[in-house]
Amino acid sequence: MHRAKAIEALRRCAAQRGRSSSLSHRRAFSAQPSYAQYDDVQDLVTVEGRAKSRAAILNRPSALNALNSSMAARLKRLYESWEDNPDIGFVLMKGSGRAFCAGADAVSLYQLVNEGNLDECKKFFETLYKFVYIQGTYLKPHVAIMDGITMGAGAGISIPGMFRVVTDKTIFSNPEAQIGFHPDAGASFYLSRLPGYLGEYLALTGDKLNGVEMVACRLATHYALNARLAMVEERLGNLVTDEPSVIETALAQYGDLVYLDRRSILSKLDVIDRCFSHDTIEEITDALEKEAADSYDEWCKTVLKKIKEASPLSLIVSLRSIREGRFQSLDQCLAREYRISLAAISNRVSSDFSEGVRARLVDKDFAPKWNPPSFKDVSKDMVDCYFSLLPEVEPELKLPTALREPFMQETDSPKK
């Protein structure tokens with residue numbers, strides 16, 4: 001009964017919004033959680049009870065709320081229990097301190113890889129991706145307040161939800177290729193659906209978007225000044241509803257007007273499309289160099305510098321992942337990203353992930369020694385290894401699509 005009511009509420013919201021945000025549809029990622037206690041997990045993800053809602057608060061400010069296995073597992077358990085509770089109408093997520101979430105705890109993963117503890121790394125990705133899948137198929141309205149730093153997996157646990165609130169403090173990016181990894185946690189799904197080739201640009205350069213830009217390209221649904229967030233949260237906390245339209249009205253009431261700066265990266269979409277629409281990284285860099293020569297635009301040189309600083313193998317893998325994501329549902333994207341992630345931490349082909357984290361986050365010498373060192377040294381077989389099905393002894397990511405996806409398909413189906 002409750003599930004039917006939730007579906008009907010989602011239908012009404014979808015009709016009102018006219019499918020204005022395709023990013024809130026069909027997200028996926030999940031798995032067996034690791035219950036290992038790195039810290040007191042109840043302190044790392046705290047809960048606030050409201051009249052008809054619950055708020056999950058990422059509470060690891062000293063690490064910019066970076067996610068570890070305990071946090072991902074607790075989020076998954078909380079969201080599952082809240083979805084089944086008829087007294088809870090909607091769910092909210094926010095971060096403490098100056099970050100919403102800086103993504104996965106890459107340094108902890110780096111340490112586990114160095115210790116040879118790959119099983120714990122696998123559990124982390126499995127748990128995280130399953131939670132992202134729950135977010136993308138959630139039957140109740142969800143509000144993510146993405147105030148402050150929002151990177152990588154931090155976007156993965158928020159963008160799948162129905163409402164995404166950003167502020168003048170929001171800083172969004174997918175910097176994974178710069179540390180020898182790839183945009184994951186559903187990134188190949190939502191980045192591939194951005195206007196033109198903006199997703200490829202963000203994935204390959206790790207460039208940042210602010211809150212205004214996120215609203216403009218529909219990564220976010222609402223914008224509010226950081227100074228007004230207390231009022232937004234108070235209004236939401238007083239709501240006794242499970243109706244998306246009521247939540248939408250409350251968010252709009254405290255929303256602020258959005259104006260793009262003339263210097264915004266979104267003003268360069270024509271150039272981005274010309275350069276990043278090519279099939280290979282080499283062709284993309286050639287196009288950027290030609291653009292720089294023809295236009296004398298320093299921006300092109302800055303972009304080239306960012307690409308040349310990243311792992312050549314990670315750039316090629318990331319580009320292929322985004323391109324495949326254009327034609328896949330979220331659960332398919334997550335299954336592919338899981339294979340890529342396991343290949344990256346296994347060091348079967350390259351140790352670029354360990355080297356990238358060492359150089360940028362541990363030793364901070366910012367001089368990674370990538371292997372292979374250049375695009376010409378990356379073979380097709382190397383790249384294919386990241387996308388190949390896992391061996392029989394290594395189970396694929398299993399998502400409960402048979403249990404959850406039909407409800408989203410019914411909600412998402414176009415009117416006849």
Side-chain angles (χ1 to χ4, degrees), residues 2-3 5-6 8-10 12-13 16-17 21 24 41-61 65 67 71 74-101 131 134-136 138-150 154-155 157-170 211 214-215 220-258:
H2 171 66
R3 191 170 284 237
K5 185 177 180 182
E8 182 58 32
L10 285 171
R12 287 194 293 271
C13 180
Q16 282 186 357
R17 292 187 294 165
S21 177
S24 63
V41 68
Q42 291 189 349
D43 291 337
L44 296 180
V45 180
T46 60
V47 173
E48 286 181 2
R50 284 99 183 269
K52 183 73 175 178
S53 64
R54 295 292 184 273
I57 304 163
L58 306 177
N59 189 37
R60 201 184 174 202
N65 299 323
L67 297 166
M71 295 169 73
R74 177 162 164 78
L75 285 168
K76 181 175 179 288
R77 294 196 300 272
L78 287 172
Y79 273 64
E80 287 171 337
S81 67
W82 291 341
E83 188 176 50
D84 292 333
N85 188 337
D87 296 326
I88 298 174
F90 68 97
V91 176
L92 179 144
M93 184 190 292
K94 64 178 182 176
S96 58
R98 65 188 183 94
F100 169 69
C101 177
F131 175 65
I134 288 174
Q135 272 278 42
Y138 213 58
L139 292 179
K140 294 181 178 180
H142 185 268
V143 181
I145 299 181
M146 302 158 71
D147 183 43
I149 296 167
T150 303
I157 63 171
S158 51
I159 287 177
M162 185 177 292
F163 301 111
R164 287 97 59 195
V165 181
V166 291
T167 75
D168 50 314
K169 303 290 187 182
T170 300
M214 289 182 71
V215 171
T221 59
H222 294 80
Y223 182 91
L225 293 173
N226 170 272
R228 290 161 61 89
L229 279 183
M231 291 185 288
V232 174
E233 290 191 46
E234 182 179 7
R235 178 77 179 99
L236 291 173
N238 290 330
L239 293 180
V240 182
T241 186
D242 58 3
E243 291 284 348
S245 60
V246 176
I247 301 168
E248 165 76 40
T249 300
L251 290 172
Q253 180 182 357
Y254 289 96
D256 291 282
L257 293 176
V258 172

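Computation of the quantities below employed the complete heavy-atom set of this structure, encompassing side-chain atoms and omitting hydrogens, waters and symmetry-equivalent molecules.
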Closest approach of L239 and A51, non-hydrogen atoms and distance?
O-CB, 4.1 Å

Contact summary for A144 and S158, nearest pair of heavy atoms:
CB-CB, 3.6 Å

Hey, mind stepping through M146 and M214 against side chain to side chain contact (heavy atoms under 4.5 Å, CB included) and telling me if it holds?
CA-CA 11 Å; M146 302 158 71; M214 289 182 71; 3.6 Å; yes

Residue pair P244 / D242: nearest heavy atoms and the distance that separates them:
CD-O, 3.4 Å

Partner set under side-chain contact (heavy atoms from CB on, under 4.5 Å) for E234, not counting sequence neighbours
N238

List in chain and number order the residues that pass ring pair (Phe, Tyr, Trp, His ring centres under 6.0 Å) with Y79, two or more places apart in sequence or in another chain; answer none if no residue qualifies.
W82, F131, Y138, H142

Residues passing the side chain to side chain donor-acceptor pair (under 3.5 Å) test with S96, sequence neighbours excluded, are N59

Find the distance between CG (L44) and CG (L67) and round it off to the nearest 0.5 Å.
10.0 Å

Closest non-hydrogen contact found for R235 with A250 is CG-CB, 3.9 Å

Judged by atom type as modelled, is there a donor-acceptor pair below 3.5 Å linking the side chain of E83 to the main-chain atoms of L139?
yes

Taking all non-hydrogen atoms of both residues into account, name the closest pair between K52 and D87 and its distance.
CD-O, 3.3 Å

As a quick check of understanding, evaluate side chain to side chain contact (heavy atoms under 4.5 Å, CB included) for I149 and R98, giving each step before the final call.
CA-CA 7 Å; I149 296 167; R98 65 188 183 94; 3.6 Å; yes

With sequence neighbours left out, the residues meeting side-chain contact (heavy atoms from CB on, under 4.5 Å) with V215 are V166, A220, Y223, V258

Reported CZ-to-CD1 distance for the pair R164 and I145, which is rounded to 0.5 angstrom:
14.0 Å

Pairing residues for D147 by the side chain to side chain donor-acceptor pair (under 3.5 Å) criterion, not counting sequence neighbours
T167, N226

Stepwise side chain to side chain contact (heavy atoms under 4.5 Å, CB included) check, L251 with L236:
CA-CA 8 Å; L251 290 172; L236 291 173; 4.0 Å; yes

Non-hydrogen atoms of I157 and C101 that approach each other most closely
CD1-SG, 4.4 Å

For the NZ atom of K94 and the CG atom of N65, what is their distance to the nearest 0.5 Å?
11.5 Å

Could you check if a side-chain atom of V91 sits within less than 4.5 angstrom of a side-chain atom of L78, using non-hydrogen atoms only?
no

Pairing residues for A155 by the side-chain contact (heavy atoms from CB on, under 4.5 Å) criterion, not counting sequence neighbours:
T150, I159, F172, Y190

Please evaluate residues L58 and L75 with respect to the criterion side chain to side chain contact (heavy atoms under 4.5 Å, CB included), reporting the C-alpha separation (whole Å), side-chain torsions for both, the decisive distance (0.1 Å), and the verdict.
CA-CA 9 Å; L58 306 177; L75 285 168; 4.0 Å; yes

Separation of H222 NE2 from I247 CD1 (nearest 0.5 Å):
10.0 Å

Does R228 have any side-chain contact (heavy atoms from CB on, under 4.5 Å) partners at least two apart in sequence or in another chain, and if so, which?
L225, M231, Y254, D256

Who are the salt bridge (Lys or Arg N to Asp or Glu O under 4.0 Å) partners of R54, not counting sequence neighbours?
none

Sidechain N-carboxylate O distance under 4.0 Å for R50, E233:
yes

